[in-house]
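Notes for the one structure printed next.
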Amino acid sequence: EAGVTQFPSHSVIEKGQTVTLRCDPISGHDNLYWYRRVMGKEIKFLLHFVKESKQDESGMPNNRFLAERTGGTYSTLKVQPAELEDSGVYFCASSQARGNIQYFGAGTRLSVL
Amino acid sequence: AQTVTQSQPEMSVQEAETVTLSCTYDTSESDYYLFWYKQPPSRQMILVIRQEAYKQQNATENRFSVNFQKAAKSFSLKISDSQLGDAAMYFCAYRNELNFGNEKLTFGTGTRLTIIP
């Protein structure tokens, strides 16, 4: 069974540009989560989808970040326009049901220059 | 708000030896879950071990075990017979007992473990 996959593995963009990160959860997992680790700090929660609905988006830093999960399958996280402080590793996780173990992807390393 | 602290940014251990990674947390809740995740370089982050706060018995998974001290809010990870494949970034994480809409994990800053051959 394929695990959580994230694309791209690494993205380098200039300040002001737009970047879209993609996450494919484990098949059948209704719950999808986005997290971010900035500059060697702790991994912080961004938001949680249940199917296509946003269950909790309390961790989204500002309105430059837009997450979608159309159809309840894969999810995208768009940053527009990107700022220097957005650099970091963005993790996606999925779980089959509420309260179950969250399975993580390898992350997307975003570098904003 | 809950916080998780990992005070050891880096640790190293000789192959086949035992190493303990520290984690402390702060919460006002009585029911919660604690986790250790590991991320090898450029690979998926995987769950190593999980502990339910209501269980007094320390969780064990093969060579991995925890020392859960609820009163002290401490949750250390012991790796016995360290192997080269244990080299990774280790993250300690906390999650509240399941409340509607509250599923997020709260992580520490991580400990990078190096295994010396």
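Values below: every heavy atom of this structure, side chains too, minus hydrogens, waters and symmetry copies. Sequence lines set the chain letters: A, B, ... in the order given, protein chains first and strands last, and positions in each chain run from 1.
B:Tyr32 and B:Tyr54 share no donor-acceptor pair across their side chains, judged by distance under 3.5 Å alone.
With a threshold of 4.5 angstrom between heavy atoms, B:Leu47 approaches chain A through side-chain atoms but not through N, CA, C or O. For A:Gln6, no part sits under 4.5 Å from any heavy atom of chain B, backbone or side chain. For A:Arg109, no part lies under 4.5 angstrom from a heavy atom of chain B.
Separation of the B:Tyr37 and B:Phe91 ring centroids does not fall under the 6.0 Å cut-off.
Contact count versus chain B (heavy atoms, under 4.5 Å) is highest, among A:Gly107, A:Ser95, A:Ala106, for A:Ala106. In terms of heavy-atom pairs under 4.5 angstrom with chain B, the leader among A:Tyr103, A:Tyr35, A:Tyr33 is A:Tyr35.
In this structure a side-chain-to-backbone donor-acceptor pair under 3.5 Å is present from B:Gln8 to B:Ser22. Without hydrogens or angle criteria, A:Arg64 side chain to A:Gln80 main chain gives no donor-acceptor distance under 3.5 Å.
By the 4.0 Å N-to-carboxylate-O rule, A:Asp24 lies close enough to A:Arg22 to be salt-bridged with it.
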